[in-house]
Each structure stands twice: as C-alpha cells, then as structure tokens.
Visitor: 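Below is a structure I'd like to ask you about.
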Amino acid sequence: QTPLLLSPGAHVIGLEMGYRTAQHELTLQTMERRTVLLGLPEATLILCDEQVPNPTLWPAARRAAEDSGRIVIPDRDRELFLQSAPEYAGCESSLLCMRRVGKMLGAQSVVSVFRRSGGKFAARLLDTSDSAMASATSADCTSCDSDEKAVGYVVHKLLASQHGGRGETLLDTQ
C-alpha cells in the first residue's frame with residue numbers, strides 16, 4: 001500500500017512470500033504514477049500414499065499441480081519440518097494434521113494422492129485456512145496407458161475445481 005518512489009526508466013518489481021513469488025516489469029516516464037497489483041500463486045503441499053510403492057506418483061502429482069499454476073512445496077522441506085517437530089511424528093496419515101503442517105510451511109492447500117484397490121487413484125484437497133475438504137477419484141485408472149497420466153489427470157482436475165462443502169465429490173471419471 002505504500003508508494004514506491006522510482007526513477008524514470010525500466011524496473012522489475014518483485015513480491016516474495018515464502019515459496020510464492022511474483023514479479024512485474026514496467027517502464028516509467030518522468031512524473032508518471034502507476035498502480036501495480038501483484039497476485040501470488042497458491043502454494044500446495046502434496047502428500048502421496050507411501051504404502052503403495054509407485055515412483056511416478058509424486059512427480060506426476062507435482063507436475064499436475066504446477067500445470068494448474070500452483071507452487072509445490074518441496075517434499076524434503078516437509079520431511080525436514082517433521083523431523084524438527086516431533087509432535088507431528090506419525091501424523092502423515094491424518095489429513096487434518098497435515099493441514100496444520102501445510103499451513104506452517106506456508107501452503108494454502110494440501111493434496112493427498114493415493115491408490116485405491118483395483119488400480120484406481122484418488123486425491124483429496126484440504127484448504128489450510130478452513131479445513132474444507134474435497135475429493136477427486138478416477139473411476140477406472142486401469143484404462144489409462146500409465147499411472148503417471150492417471151495421477152496427473154486426477155490432481156489437475158481436483159486443483160482446477162473450486163471445492164465446496166466437506167467431502168463433496170468433485171470428480172468421478174476416467
């Protein structure tokens with residue numbers, strides 16, 4: 001809200017908040033006044049079910065979130081946080097606990113991706129500000145030509161949706 005006094009010429013204005021950054025380039029003339037509004041992208045913490053070994057699960061979910069315009073909090077940062085906060089040890093299976101961890105890491109949302117029986121994938125989205133939860137599932141991921149494609153599809157569709165009430169199904173498709 002505070003005005004910046006800049007000399008005439010080219011400038012890059014940057015805004016940084018945790019993992020989120022935005023910048024705007026502008027050229028000013030003498031005595032010119034300009035209003036610049038910068039919007040920060042949302043940061044998302046992605047959790048993947050570790051009980052089902054799948055090397056493509058996290059990378060596919062990360063790419064889908066990034067394709068949706070989100071900043072993904074690195075998995076190693078989550079691990080470092082959990083190591084430094086023993087009160088959260090063993091909480092990774094609880095979305096509510098991970099919502100708190102995501103909030104402490106600066107995330108606006110937490111996405112949990114997991115494989116269901118029969119090869120189906122599902123994802124849940126928690127908004128860290130109000131704990132509203134939404135879900136997305138694949139009806140039959142075995143029809144996809146790869147797990148990576150199925151995971152990416154589910155996560156991308158989930159993040160592209162505006163989630164409503166707690167537990168409301170947003171996506172149930174191949």
Visitor: Hydrophobic clusters join Ile, Leu, Val, Met, Phe, Trp and Tyr when side-chain heavy atoms are under 4.5 Å apart, directly or via other members; which others share one with L15?
Guide: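 Same cluster as L15: L4, L6, I13, M17, L26, L28, V36, L38, L40.
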
Visitor: Starting from L80 and following side-chain heavy-atom contacts under 4.5 Å between hydrophobic residues (I, L, V, M, F, W, Y), which residues can be reached?
Guide: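 Grouped by the 4.5 Å side-chain rule, L80 forms a cluster of one, so the answer is none.
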
Visitor: Distance check, rounded to the nearest 0.5 Å: T44 atom OG1 versus L126 atom CG?
Guide: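 It comes to 11.5 Å.
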
Visitor: What closest approach, in Å, do A65 and V72 show between heavy atoms, and which atom pair accounts for it?
Guide: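 Taking A65 first and V72 second, the nearest heavy atoms are CB-CG2, 3.7 Å.
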
Visitor: For V110 and L125: C-alpha separation, side-chain torsions, deciding distance, then whether side-chain contact (heavy atoms from CB on, under 4.5 Å) applies.
Guide: CA-CA 6 Å; V110 175; L125 175 67; over 6 Å; no

Visitor: Between E16 and R20, is there a side-chain N and carboxylate O pair less than 4.0 Å apart?
Guide: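 Salt bridge between E16 and R20, a charged N being under 4.0 Å from a carboxylate O: no.
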
Visitor: How far apart are the closest heavy atoms of P41 and G69, and which atoms are they?
Guide: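 Scanning both residues completely, I find the closest heavy atoms to be CB-O, 3.5 Å.
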
Visitor: Looking only at atom types and distance, does a side-chain atom of Q108 sit under 3.5 Å from a main-chain N or O of G106, one as donor and one as acceptor?
Guide: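 Flag set: sc Q108 to bb G106 pair under 3.5 Å.
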
Visitor: Considering only Ile, Leu, Val, Met, Phe, Trp and Tyr, and joining two whenever side-chain heavy atoms are under 4.5 Å apart, list the other residues clustered with V12.
Guide: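 None; V12 is a cluster of one.
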
Visitor: Roughly how far apart are M104 CE and R99 CZ, rounded to 0.5 Å?
Guide: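 Those atoms lie 9.5 Å apart.
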
Visitor: Holding to side chain to side chain contact (heavy atoms under 4.5 Å, CB included), I want the full list of residues that pass it with M31, two or more places apart in sequence or in another chain.
Guide: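 With neighbours one apart ignored, the set is empty.
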
Visitor: Applying salt bridge (charged side-chain N to carboxylate O under 4.0 Å, His left out), can you list everything that pairs with E32, at least two apart in sequence or on another chain?
Guide: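 With sequence neighbours excluded, E32 shows a salt bridge (charged side-chain N to carboxylate O under 4.0 Å, His left out) to R34, given in chain and number order.
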
Visitor: Mind listing the closest non-hydrogen atom pair of T30 and P8 along with its distance?
Guide: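 For T30 and P8, the tightest heavy-atom pair comes out as OG1-CG, 3.6 Å.
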
Visitor: Closest approach of A107 and T128, non-hydrogen atoms and distance?
Guide: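 Heavy atoms of A107 and T128 come nearest at O-OG1, 2.8 Å.
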
Visitor: Output every pair passing side-chain hydrogen bond (donor to acceptor under 3.5 Å, both in side chains) with a member in residues 3-15, not counting sequence neighbours, ordered by first then second residue.
Guide: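 For residues 3-15, and leaving out neighbouring residues, there are no side-chain hydrogen bond (donor to acceptor under 3.5 Å, both in side chains) pairs at all.
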
Visitor: Does any N or O in the side chain of S109 come within less than 3.5 Å of the main-chain N or O of D127, such that one atom is a donor and the other an acceptor?
Guide: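 The answer is no, because no donor-acceptor pair under 3.5 Å joins these two groups.
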
Visitor: To the closest 0.5 Å, what do you measure between CZ (R78) and CG (L45)?
Guide: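 These two atoms lie 6.5 Å from each other.
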
Visitor: Provide the full list of salt bridge (charged side-chain N to carboxylate O under 4.0 Å, His left out) pairs with a residue in residues 35-48, sequence neighbours left out, each pair given once.
Guide: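 Sorted result for residues 35-48: E42-R70.
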
Visitor: With sequence neighbours left out, write down each residue that passes side chain to side chain contact (heavy atoms under 4.5 Å, CB included) with P74, or none if nothing qualifies.
Guide: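 With sequence neighbours excluded, P74 shows a side chain to side chain contact (heavy atoms under 4.5 Å, CB included) to Y19, R76, D77, given in chain and number order.
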
